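So the structure is just underneath, and the comments pick up after that.
Remember, predicted model here, so these are calculated numbers, not experimental data.
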There are 2 protein chains.
Amino acid sequence: MGATERDSYHHGDLRAALIEASESIIREEGVEGFTLRKAAKRAGVSPGAPSHHFKGTRGLLTAVAIRAFERLGAELAILPASGVPARNLRVQAEGYVTFAARNPGLFRLICRVDLIDCQDQDFREASFSALAHYRNAAAAYFGEDPPDRAARIFRPYLASAFATAHGLAHMILEGRPALLFDTPDPARTFIETTLPSVLLATWPDRHC
Amino acid sequence: MGATERDSYHHGDLRAALIEASESIIREEGVEGFTLRKAAKRAGVSPGAPSHHFKGTRGLLTAVAIRAFERLGAELAILPASGVPARNLRVQAEGYVTFAARNPGLFRLICRVDLIDCQDQDFREASFSALAHYRNAAAAYFGEDPPDRAARIFRPYLASAFATAHGLAHMILEGRPALLFDTPDPARTFIETTLPSVLLATWPDRHC
DNA sequence: GCATCAATCTGAACGTCATTTAGATTGATG
DNA sequence: CATCAATCTAAATGACGTTCAGATTGATGC
C-alpha cells in the first residue's frame with residue numbers, strides 16, 4: 001500500500017511505477033495534493049531518482065496527463081452509437097462530463113496547462129486522439145467532414161460541440177452541484193437531472 | 001514599482017496593499033506565479049506580516065477573488081442592454097468570455113476552488129452579485145423569473161446559459177485559440193470570429 | 001501631556017518542497 | 001571477468017508557508 005518493496009538496487013521499471021503512483025495520488029488527493037517526493041516515496045525510491053526518467057515534475061505530470069487522456073478516450077470509445085446523430089453527440093457529451101465527475105483529479109490535471117508541457121508531441125497526440133469519437137459525432141451532427149490529424153482541431157462547430165460539455169464539467173468540479181442538491185452524490189444528481197435538459201436546450205432535436 | 005516605501009514602522013493599510021500587490025502579481029505572472037512572500041515584499045513588509053490580516057495564503061487569495069468578481073460584475077453591468085432578450089444574453093456571454101480572455105490570471109483564480117475559501121460569506125456574496133445582469137438576461141430569454149438571493153443559484157436553464165460561456169472561457173485559457181490562429185492576439189481573434197457563431201448555434205435567434 | 005495596552009510588524013526558525021551534484025551500485029556489453 | 005553507462009542514494013541549496021518571541025507604535029484612558 002505504501003512504498004513498494006524492492007530487492008535490488010535498481011527498480012526495474014521506475015518510469016511506469018512513478019506514473020502509476022502519481023495517478024493514484026492525484027485520484028486520492030487531487031492535483032493540489034501531489035508532490036514529486038510523494039510519488040518517489042510511493043514508488044520506493046529517493047526524491048532524486050525521478051529526474052533520470054522525467055524532465056522534472058512537469059515531465060512526470062505530462063506523462064500522467066497522457067494516460068488520463070487515454071482513459072477518457074477509452075470511455076468515450078465504448079459508448080453506444082445509434083443511427084441518430086443528435087443522440088450520438090449527446091451521449092458523447094454526457095460521457096465527457098461523466099468522466100470529469102468520476103475522475104476529478106485527472107480531469108483537473110489535463111486542464112492545468114501550467115503544470116503540463118503542452119508542446120509535448122505525445123501529449124498533443126493523446127489529447128487529439130481521446131476526442132476522436134466526440135469529434136466524429138459532432139461532425140455528423142453538424143453535417144461536416146471530421147477534421148483529419150493535420151488539420152486544426154477546433155472549428156466553430158467543434159467549439160460549439162465542446163464548449164457546453166466542457167463548461168458543465170468545470171462547473172461540476174467547481175462545486176456548483178453541491179449548492180443545488182443535498183443528495184449523497186450531488187454531481188451524479190446534477191448529471192442525471194440538470195444535464196440532459198441542458199443538452200436538450202443547447203442542441204435541440206426531437207429525434208432523440 | 002518594487003517594494004512600496006514606508007516611513008513609519010506600521011504600514012497604515014497593509015490589508016489593502018496586500019490585496020493590491022497580489023492582484024498585480026497574479027495579473028503579471030498568473031496564479032501559479034503568486035507567492036505570499038512576493039506579495040509581502042511588494043507591499044514592503046516581512047513575510048510574517050500578512051498573517052495579522054488574513055488567514056494564511058488562502059485568506060488573502062479569497063480577498064483577491066472577491067475583488068475579481070467585483071471587477072467582472074462591473075464589466076457586465078455596463079454592457080448595453082436592448083429590448084431583445086436573445087441579444088442581451090449573447091452580449092452578457094460575450095462579456096463574460098471577454099473578461100476571462102483579458103484577465104486570465106483573475107479568471108483562473110476564481111475557478112481555483114482549491115486555493116479559495118468557498119465557504120466564505122463575502123466570497124459567495126460576491127460570486128452571486130457579479131452575475132446579476134447575466135442571470136437576469138438569461139431569465140428574460142428563457143421566460144422565467146430570476147432567482148432571488150435566497151434561492152439556489154443554478155437552475156437547469158441557468159446552467160445552460162452559463163455552461164457554454166464558461167466552457168469557452170476555459171478553452172481560451174487552456175490555449176486552444178493559439179492552435180487555431182497565427183494572429184498577434186489569438187484569443188481576441190477567437191472571440192471575434194469563432195465565438196459569435198458558437199453563441200449563434202447555441203442560442204439561435206434571428207432577432208439578434 | 002503621559003502612561004498603558006493592544007495592534008502591528010520584524011527577524012529568525014521550522015518543516016516541506018523541487019532540483020542539482022557527487023558518489024555508490026549494478027545490469028549489460030565485450 | 002573487466003568495463004562502462006545507466007540508475008539510484010544522500011546531501012545540499014534555495015524558496016516556500018507558517019509560527020513565535022520580541023520590538024515598535026497608534027490609540028485609549030487619565
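When the P atom of D/dC8 is taken as reference, atom CZ of A/R15 falls 13 Å away, rounded to whole Å. Atom-to-atom, CG of A/L61 to C1' of C/dA18 comes out at 12 Å; the value is rounded to the nearest Å. With rounding to whole Å, B/D13 atom CG is found 11 Å from C/dT8 atom P. Atom NZ of B/K41 and atom P of C/dT10 are 13 Å apart (whole Å). In this structure, CZ of B/F54 is placed 11 Å from P of C/dC9, rounded to the nearest angstrom.
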For nucleotides 14-19 of chain D, list the nitrogen or oxygen atoms of the protein found under 3.5 Å from its nitrogen or oxygen atoms, one pair per line.
| from | atom 1 | to | atom 2 | distance (Å) |
| --- | --- | --- | --- | --- |
| D/dG17 | OP1 | B/L36 | N | 2.5 |
| D/dG17 | OP2 | B/L36 | N | 3.2 |
| D/dG17 | OP2 | B/R37 | N | 3.0 |
| D/dG17 | N7 | B/R37 | NH1 | 2.3 |
| D/dG17 | O6 | B/R37 | NH1 | 3.2 |
| D/dT18 | OP2 | B/T57 | N | 2.9 |
| D/dT18 | OP2 | B/T57 | OG1 | 2.9 |

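Under the side-chain hydrogen bond (donor to acceptor under 3.5 Å, both in side chains) criterion, B/R37 pairs with no residue at all, not counting sequence neighbours. A search for salt bridge (Lys or Arg N to Asp or Glu O under 4.0 Å) contacts involving A/D13 returns nothing, not counting sequence neighbours. The ring-ring contact (aromatic ring centres under 6.0 Å, His included) test applied to B/F123 returns B/F69, not counting sequence neighbours. Checked against salt bridge (Lys or Arg N to Asp or Glu O under 4.0 Å), A/R102 has no partners two or more places apart in sequence or in another chain. A/Y134 is linked by a side-chain hydrogen bond (donor to acceptor under 3.5 Å, both in side chains) to nothing, counting only residues two or more places apart in sequence or in another chain. Listed by chain and number, the residues in a side-chain hydrogen bond (donor to acceptor under 3.5 Å, both in side chains) with B/R27 are B/E23, B/N103 (sequence neighbours excluded).
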Pairing pattern in dot-bracket form [Watson-Crick, G-U; both distances under 3.5 Å; | = partner strand] for DNA chain C
||||||||||||||||||||||||||||||

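For residues 41-67 of chain A, no pair satisfies ring-ring contact (aromatic ring centres under 6.0 Å, His included), with sequence neighbours left out.
Nearest to the side chain of B/H52, among D/dT9, C/dT10, D/dT7, sits C/dT10.
Residue A/H53 has a polar side-chain atom (N or O) positioned under 4.0 Å from OP1 or OP2 of D/dC8.
Ion pairing between a basic and an acidic side chain is recognised when a charged N comes within 4.0 Å of a carboxylate O; B/E20 and B/R67 show such pairing.
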